[in-house]
Amino acid sequence: MHTSIRHDWHTEEVEALFALPFQELIFQAQSVHREYQTPNTIQMSTLLSVKTGACPEDCAYCPQSIRYDTGLNNEALMAVEDVRARAQAAREAGATRFCMGAAWRSPKKRDMEVMVAMISEVRILGMETCATLGMLTREQAQQLRAAGLDYYNHNIDTSPEFYEDIISTRNFQDRLDTLDAVREAGMNVCCGGIVGMGETVRDRARMLQVLANLAQHPESVPINQLVPVPGTPLANRAAIDPFDFIRTIAVARLIMPLAAVRLSAGREQMSDELQALAFLAGANSIFYGEKLLTTGNPDVQHDRQLFSRLGIHTAAGGVGALHT
Ligand code: SAM
Ligand code: DTB
Ligand code: SF4
């Protein structure tokens with residue numbers, strides 16, 4: 001059997017995958033995983049929030065929006081040397097990629113100068129570099145690429161239809177425009193979304209359909225489970241059925257066979273068994289280290305033990321990446 005790589009998915013087809021009996025879906029996803037990916041292998045990225053809080057956007061899930069009182073300490077853009085030290089520590093702990101996040105709508109000229117220096121320093125350490133800084137112009141994307149940025153993370157977060165229920169300060173097309181600029185600059189795309197925000201199964205299918213129908217699939221697809229943060233409008237959303245979360249991972253794997261599917265936010269709230277099920281369904285990358293951007297993540301000792309119990313190896317470089 002050879003599953004083809006498609007870019008012409010219909011919503012109904014993707015919905016039909018979500019509707020498969022759970023075991024059938026997992027079997028299909030694991031079969032595709034075996035065909036296209038290295039089994040039992042997981043790539044690890046470490047996140048660092050290099051500029052925290054006071055973001056002018058109103059993303060309903062986000063503790064960093066200036067509009068919600070989440071008790072977060074706002075922090076200015078970090079010094080390059082401090083970021084370098086954090087990247088080195090992450091490398092020593094076993095991460096292969098370092099992802100720098102900033103709570104901006106989009107970076108200013110002054111910010112870009114610092115980011116360029118930061119990216120070069122992390123690259124010198126021999127790590128892959130990733131950044132998530134908000135919307136970019138074509139010129140900014142080129143500048144980041146020239147500085148040595150390997151990946152840009154920019155999530156579509158949900159379906160085009162549900163988007164305006166979650167964010168009002170930008171639209172879905174703005175996200176697609178930045179993704180286009182990132183692609184044009186020749187960088188790897190990291191793009192996914194959040195589940196558990198009150199969206200329907202159709203919204204989940206539409207989100208994955210949009211990603212799979214891009215001219216080129218993202219090299220990395222983070223699937224985040226909403227971390228409900230007190231003070232945000234989504235603080236009291238009912239938790240998603242864990243099996244529905246796993247279904248989202250499985251469908252991402254099935255329709256984007258070459259992508260690294262990232263089991264992202266929400267791991268701290270998941271049991272070891274649920275994470276093992278996510279890996280079985282096709283997740284093969286994680287965020288590694290005690291913190292995501294502002295919220296918690298499992299400690300490294302626990303992750304190492306989990307991988308050892310499952311016989312999982314850690315990958316040296318990006319799966320299916322354009323540049324490593
Ligand atoms: N400001 C930039 C932007 O939004 O593009 C970059 C940083 S932003 C925090 C990166 C991503 O983190 C968001 O797109 C969203 O998918 C994810 N995220 C933020 N808060 C979250 C939460 N409470 N639970 C799960 N994912 C979250
Ligand atoms: C992604 O998709 N998830 C990461 C990363 N890309 C930047 C961020 C998760 C953030 C969770 C909430 C927080 O820690 O602030
Ligand atoms: Fe700002 Fe990004 Fe948070 Fe939205 S997700 S409020 S853009 S930091």
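Residue numbers start at 1 and run along the sequence shown. As the structure lists them, so they are numbered: ligands from 1, and atoms in each ligand from 1.
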Verify, without hydrogens or angle tests, whether T70 (side chain) and P63 (backbone) share a donor-acceptor contact under 3.5 angstrom. yes
When you measure from the side chain of R183 to the backbone N and O of G186, does any donor-acceptor pair fall under 3.5 Å? no
May I ask whether V32 and V261 are part of the same hydrophobic cluster, defined by side-chain heavy atoms of I, L, V, M, F, W, Y residues being less than 4.5 angstrom apart, directly or through others? yes
Is there a path from I166 to M135 through hydrophobic residues (I, L, V, M, F, W, Y) whose side chains come within less than 4.5 Å of each other? no
Below 4.0 Å, non-hydrogen atoms only: which portion of Q225 touches ligand 1? Side chain, backbone, both or neither. backbone
Heavy-atom contact under 4.0 Å between R170 and ligand 3? yes
What's the shortest distance from atom 1 (Fe) of ligand 3 to any protein heavy atom, and which residue and atom give it? C55 SG, 2.3 Å
Ranked by distance from atom 2 (C) of ligand 1, the top protein heavy atom is G134 N, 3.6 Å
Are the side chain of S159 and the backbone of F162 linked by a donor-acceptor contact shorter than 3.5 Å? yes
Which protein heavy atom lies closest to atom 8 (S) of ligand 1, and at what distance to 0.1 Å? L293 CD1, 4.5 Å
Just need the protein heavy atom nearest to atom 5 (O) of ligand 1, so name the residue and atom and give the distance. R175 NH2, 2.9 Å
Is ligand 1 under 4.0 Å from a heavy atom in the side chain of A102, in the backbone, in both, or in neither? backbone
Decide whether a cation-pi geometry holds between R204 and F18; the criteria are a distance under 6.0 Å from NZ or CZ to the six-membered ring centre and an angle within 45° of the ring axis. no
Nearest-contact summary for atom 5 (C) of ligand 2 - protein heavy atom, Å: F287 CZ, 3.6 Å
Please assess N297 against E268 for the test side chain to side chain contact (heavy atoms under 4.5 Å, CB included), listing each intermediate value before the final yes or no. CA-CA 5 Å; N297 200 37; E268 204 183 25; 5.5 Å; no
Applying a heavy-atom cut-off of 4.0 Å, say which part of T232 lies close to ligand 1: side chain, backbone, both or neither. neither
If you take all heavy atoms of E57 and T169, which pair is closest and at what distance? OE1-OG1, 3.0 Å
Answer yes or no as to whether an N/O/S atom of C62 is found below 2.8 Å from atom 1 (Fe) of ligand 3. no
Atom 26 (N) of ligand 1 sits nearest the protein heavy atom I194 CD1, 3.5 Å
Distance from atom 20 (N) of ligand 1 to nearest protein heavy atom, with residue and atom: Y61 CD1, 3.4 Å
Looking at D58 and I167, would you say the former's side chain and the latter's main chain have a donor-acceptor pair under 3.5 Å? no
What protein heavy atom sits nearest atom 6 (N) of ligand 2, and how far away is it? N153 OD1, 3.3 Å
Below 4.0 angstrom from a heavy atom of P222, which ligand 2 atoms are there? Numbered from 1 as shown, please. 2 (O)
List the steps, then state whether side chain to side chain contact (heavy atoms under 4.5 Å, CB included) holds for I42 with Y288. CA-CA 11 Å; I42 279 179; Y288 177 67; over 6 Å; no
Identify the protein heavy atom lying closest to atom 11 (C) of ligand 1, giving its residue, its atom name and the separation to 0.1 Å. N155 ND2, 3.8 Å
How close does the nearest protein non-hydrogen atom get to atom 9 (C) of ligand 2, and which residue and atom is it? N224 OD1, 4.0 Å
Mind checking whether N224 contacts ligand 1 via backbone (N, CA, C, O), side chain (CB onward), both or neither, at a 4.0 Å heavy-atom cut-off? side chain
Quick check: T132 and ligand 2, any N/O pair under 3.5 Å apart? no
Is NZ or CZ of R262 both nearer than 6.0 Å to the six-membered ring centre of F287 and within 45° of the ring axis? yes
Near N155 (heavy-atom distance under 4.0 Å), the atoms of ligand 2 are 1 (C), 2 (O)
Is T132 reaching over with its side chain to a backbone N or O of G101, donor-acceptor style, under 3.5 angstrom? no
Say whether, by atom type as modelled, one donor and one acceptor occur between the side chain of S120 and the main chain of V116 under 3.5 angstrom. yes
Residue C59, metal atom 4 (Fe) of ligand 3, N/O/S under 2.8 Å: yes
Which atoms of ligand 3 sit under 4.0 Å from any heavy atom of A103? 8 (S)
Looking only at atom types and distance, does a side-chain atom of S65 sit under 3.5 Å from a main-chain N or O of R67, one as donor and one as acceptor? yes
Please check: side-chain N/O of S308 versus main-chain N/O of R304, any donor-acceptor pairing under 3.5 Å? no
What protein heavy atom sits nearest atom 15 (O) of ligand 2, and how far off is it? T294 OG1, 2.7 Å
Protein residue, atom and distance nearest to atom 12 (C) of ligand 2, heavy-atom basis: T295 OG1, 3.6 Å
Residue part near ligand 1, for D157, under 4.0 Å between non-hydrogen atoms: side chain
Proximal atoms of ligand 2 relative to L47 (non-hydrogen, under 4.0 Å): 4 (C), 5 (C), 7 (C)
Looking only at protein heavy atoms, what sits closest to atom 7 (C) of ligand 1 is T132 OG1, 3.9 Å
Within ligand 2, which atoms have a heavy atom of L293 less than 4.0 Å away? 7 (C), 8 (C), 13 (C), 14 (O), 15 (O)
Counting both backbone and side chain atoms, is some N or O of V227 under 3.5 Å from an N or O of ligand 1? yes
From CA spacing to verdict: side chain to side chain contact (heavy atoms under 4.5 Å, CB included), L47, F98: CA-CA 6 Å; L47 277 168; F98 194 65; over 6 Å; no
